[in-house]
Each structure stands twice: as structure tokens, then as C-alpha cells.
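One structure is given here, and the rest of the page talks about it.
Just follow the structure's listing: the first ligand is 1, and inside any ligand the first atom is 1. Because only heavy atoms are used, hydrogens play no part in the values below, and waters and symmetry mates are left out as well, while side chains stay in.
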Amino acid sequence: MDAKVEEKEMMAIFFKRSRDNGLKITPQRSAIYKELIKAKDHPSADIIYKRIIKKIPNISFDTVNRTLLTFSAIGITNIVEGYGQPKRYDPDMHAHHHFRCIQCNSIIDFHNKDYDNIAVSEDIKKQFTVINKKVVLEGFCNKCRKR
Ligand SMILES: [Zn+2]
Ligand SMILES: [Zn+2]
């Protein structure tokens, strides 16, 4: 998808979800969300804070942190699970999978139709209601492999 179109679409979802959840759309919140959807690296709150402070010098880390948690609570961003602290955020709510580099800890998106359609066995269905499937592959990214 065209990056500009995608950004427009995501901002529309942001406005709608915020309204639906009674969350006031402040310039700070909009700026944090914009920064997040630009990021393809699954940033932590700290990294978003370092980027946003260049645009909004008086914003506090606490505001950024709380806002990101609120975004995940209203379902416009995901928290990337399973990598301990700090939490990493993922604004891409479409089906996609992750490759994690065990050396530099980067989390890289990839798409694979077979993984999207991965079968959930009956005994798992008995235990859980599955609403999202994400495959995580781990190893060395291109940069780390060459070292
Ligand atoms: Zn790496
Ligand atoms: Zn992702």
C-alpha cells in the first residue's frame, strides 16, 4: 500500500477509535500516534519519546508511556509479546509475522500467506479462543549475520 494512503487510513482509525472510547484527541496524542505509525522497528516508549521530543520539547516520558499503553488498551496498537522489558509497540494491526534477531534484538515484519492460514488444532481450540495468529522466527538479521 502507498505509504501516504496508509498513513491517512491509520489516522482515520485513530480518530474513530479515540472517539468511540471517549478519548480526547489532543495534539500530543496525535503526534505520538503519527510517530508510532511511521516507525517500522517496533519501538519502545523510550525510543518514541526520543523521537517525539524533537518535535514537542516539553512532552514528558510519562505522557508518552501512558499514551502508548492507552493506545494498546483501545486496540490501535499492539504490544509485542514475549521479549521482556521494555515493552515494544507495533502499530500494524494487519496480519503479519515477526523475525527477531537474537543479537541486536531488532524485530522485523514479514508477510507469509501460509503462516496467516496456519491451522489451530482442536485441543487448542478447546483451551483458547484464538483471535490472532503470529509466527515468530528467531535468528540473526542480515546485519548481524555478516559480522
Ligand atoms: Zn541483528
Ligand atoms: Zn510487527
Next item on the list: Specify which N/O/S atom of Asp109 comes nearest to the Zn ion (ligand 2), by atom name.
Entry: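 Nearest N/O/S atom of Asp109: OD1.
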Identity of the N, O or S atom of His98 lying closest to the Zn ion (ligand 2)
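The nearest such atom is NE2.
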Any side-chain donor paired with an acceptor under 3.5 Å for [X] and [Y]?
X: Asp123; Y: Ser121; result: yes
X: His42; Y: Asp109; result: yes
X: Thr63; Y: Ser60; result: yes
X: His96; Y: Asn112; result: no

Please round to the nearest 0.5 Å and tell me the distance separating atom OG of Ser18 and atom CD1 of Ile13.
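Result: 11.5 Å between the selected atoms.
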- Query: Taking atom CD1 of Ile53 and atom CD1 of Ile59, what is their separation to the nearest 0.5 Å?
  - Reply: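 Ile53 CD1 to Ile59 CD1: 8.0 Å, rounded to 0.5 Å.
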Review point. Taking everything shown except Lys87 itself, do over 12 heavy atoms lie less than 6.0 Å from its NZ?
Key: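 Check fails, neighbour count at 12 or below.
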Does any part of the side chain of Met10, heavy atoms only, come nearer than 4.5 Å to the side chain of Phe14, both counted from C-beta?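 Sidechains of Met10 and Phe14: no contact.
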Between the Zn ion (ligand 2) and Asp92, is there an N, O or S atom separated by less than 2.8 Å?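 So Asp92 does not bind the Zn ion (ligand 2) by this criterion.
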- Message: With respect to the Zn ion (ligand 2), please indicate if His97 possesses an N, O or S atom at a distance under 2.8 Å.
- Response: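 Coordinating: no.
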Quiz item: Which protein N, O or S atoms lie under 2.8 Å from the Zn ion (ligand 1)?
Solution: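 N, O, S partners closer than 2.8 Å: Cys101 SG, Cys104 SG, Cys141 SG, Cys144 SG.
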### Task
Please calculate the OD2(Asp90)-the Zn ion (ligand 2)-NE2(His42) angle and round it to 10 degrees.
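An angle of 100° at the metal.
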